[in-house]
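Order of the sequence lines fixes the chain letters, A, B, ..., with proteins taken first and strands second; residue numbering starts at 1 for each chain.
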There are 2 protein chains.
Amino acid sequence: MTYAKALDCLADPTRRKVLERLRAGPRPVGEIARGMSVSRPAVSQHLKALKNAGLVTDRAAGTQRVYSIDPQGLAPLRAWLDQFWDEALSAFQQEVARDARHRKDPKP
Amino acid sequence: MTYAKALDCLADPTRRKVLERLRAGPRPVGEIARGMSVSRPAVSQHLKALKNAGLVTDRAAGTQRVYSIDPQGLAPLRAWLDQFWDEALSAFQQEVARDARHRKDPKP
DNA sequence: ACTTACCGTAAGCCATGACTTACGCAAAAG
DNA sequence: CTTTTGCGTAAGTCATGGCTTACGGTAAGT
């Protein structure tokens with residue numbers, strides 16, 4: 001059920017932007033917030049949410065905190081999506097087959 | 001940018017439940033809503049959101065509307081997540097390497 | 001020791017959205 | 001033609017959560 005928390009986090013655009021800034025590598029909070037349309041405390045709150053969802057990790061470096069993406073945090077969501085995609089696809093194909101049968105025999 | 005709408009939809013638990021009920025195959029609205037903790041109009045609204053995000057398709061069948069999962073709708077989200085996962089992983093490995101170097105040379 | 005830099009948290013405001021009830025419309029049933 | 005079934009939509013209520021300002025706390029610099 002841990003994919004749910006990941007989805008809750010990734011639903012917010014600002015949070016996605018924060019995460020995408022971390023894609024290039026670890027960053028301290030101030031550098032993440034620089035040039036963004038929200039305040040630094042807002043970024044801190046988003047980072048807290050991301051950390052709680054297991055999507056990022058943090059580490060102290062002097063007076064500043066460096067955040068990194070946790071690749072393992074994305075794994076459950078990937079797994080859920082994959083399973084979902086496979087099952088939906090097979091069900092979809094079954095439906096196509098059923099539809100083809102109905103096309104041959106339109107009025108039972 | 002179409003993955004954003006998918007994430008917005010999947011953030012809602014009720015919407016996920018609706019989508020998971022469709023995993024077993026196409027269903028009319030009433031059958032989807034049956035046994036759920038929200039009213040049928042609520043399910044209709046969620047289905048509208050899911051359709052707008054391209055995650056489901058609908059088709060008329062008499063007085064009832066049958067909804068199905070659209071596998072293609074999940075593809076963009078999968079692609080975005082994959083790319084994200086790959087880049088984050090490589091950056092993570094780079095960070096591990098950098099950390100190892102720092103461990104060898106702790107005080108520059 | 002004092003100041004400065006960097007960050008997390010608290011309190012409060014406000015917009016978004018999820019839900020309900022009530023209503024209207026189309027297709028099947030009678 | 002009338003009734004019933006199945007569904008979408010409108011209006012209104014209420015909770016959730018994202019943002020800001022203000023504050024406190026720790027580590028480095030001087």
Side-chain angles (χ1 to χ4, degrees), chain A residues 1 4-22 25-70 102 106-108, chain B residues 1 4-22 25-70 102 106-108:
Chain A
M1 291 297 211
K5 295 199 295 181
L7 283 171
D8 283 345
C9 268
L10 297 177
D12 185 79
T14 305
R15 223 129 54 193
R16 284 197 295 266
K17 197 162 188 175
V18 167
L19 214 61
E20 286 174 358
R21 288 205 171 194
L22 288 178
R27 296 275 186 279
V29 179
E31 190 174 337
I32 297 174
R34 171 171 308 174
M36 290 225 308
S37 55
V38 296
S39 67
R40 183 198 51 77
V43 173
S44 269
Q45 291 170 3
H46 284 305
L47 285 169
K48 182 179 181 180
L50 288 166
K51 181 180 176 184
N52 184 39
L55 297 178
V56 300
T57 60
D58 59 337
R59 127 179 76 94
T63 74
Q64 55 189 6
R65 291 220 131 227
V66 178
Y67 282 82
S68 319
I69 291 183
D70 184 2
H102 280 200
K107 264 295 197 246
Chain B
M1 291 295 211
K5 296 199 295 182
L7 283 172
D8 283 345
C9 268
L10 297 177
D12 186 80
T14 306
R15 223 127 54 192
R16 284 198 295 266
K17 196 162 189 175
V18 166
L19 213 62
E20 287 175 357
R21 287 203 173 197
L22 287 178
R27 298 273 187 279
V29 179
E31 189 173 337
I32 297 175
R34 170 171 307 174
M36 290 224 310
S37 55
V38 297
S39 67
R40 184 198 52 76
V43 173
S44 270
Q45 293 170 2
H46 284 304
L47 284 169
K48 183 179 181 180
L50 288 166
K51 181 182 176 183
N52 183 39
L55 297 179
V56 300
T57 60
D58 59 337
R59 127 180 76 92
T63 75
Q64 55 189 7
R65 291 219 133 229
V66 177
Y67 282 83
S68 318
I69 290 183
D70 184 2
H102 279 200
K107 264 289 194 244

Give the minimum heavy-atom separation between B:L19 and B:I69, together with the two atoms involved.
O-CD1, 3.5 Å
Please name the pair of heavy atoms, one in B:Y67 and one in B:L22, separated by the smallest distance, quoted to 0.1 Å.
O-CD2, 3.3 Å
Please determine if a side-chain N or O atom of [X] lies less than 4.0 Å away from the OP1 or OP2 oxygen of [N].
X     : N      : answer
B:S39 : C:dC19 : no
B:Y67 : D:dG8  : yes
A:H46 : D:dC19 : yes
B:T63 : D:dT4  : no

Rounded to the Å, how far apart are [X] [atom1] and [N] [atom2]?
X     : N      : atom1 : atom2 : value
B:R40 : C:dA22 : CZ    : C1'   : 12 Å
A:K51 : C:dG8  : NZ    : C1'   : 11 Å
A:D58 : C:dT9  : CG    : C1'   : 15 Å
B:R16 : C:dA18 : CZ    : P     : 12 Å
A:M36 : D:dT20 : CE    : P     : 10 Å
B:Q45 : D:dA11 : CD    : P     : 13 Å
A:I32 : C:dC6  : CD1   : C1'   : 13 Å
B:L47 : D:dG6  : CG    : P     : 16 Å

Are A:R34 and A:R40 side-chain neighbours, meaning at least one heavy-atom pair lies under 4.5 Å?
no
Determine whether a donor-acceptor pair (one donor, one acceptor, N or O, separation below 3.5 Å) exists between the side chain of A:Q64 and the base of D:dT26.
no
CD-CD distance between A:E31 and A:Q64, expressed to the nearest 0.5 angstrom
8.5 Å
Residue [X], side-chain heavy atoms: nucleotide from [options] that is nearest:
X     : options               : value
A:K48 : C:dT9, D:dC19, C:dC19 : C:dT9
A:P28 : D:dC19, D:dT9, C:dC7  : C:dC7
B:T14 : C:dC7, D:dT9, C:dC19  : C:dC19
A:R65 : C:dC7, C:dC19, D:dC19 : C:dC7

With a non-hydrogen cut-off below 4.0 angstrom, is A:P41 in contact with a base, only sugar-phosphate, or nothing?
base
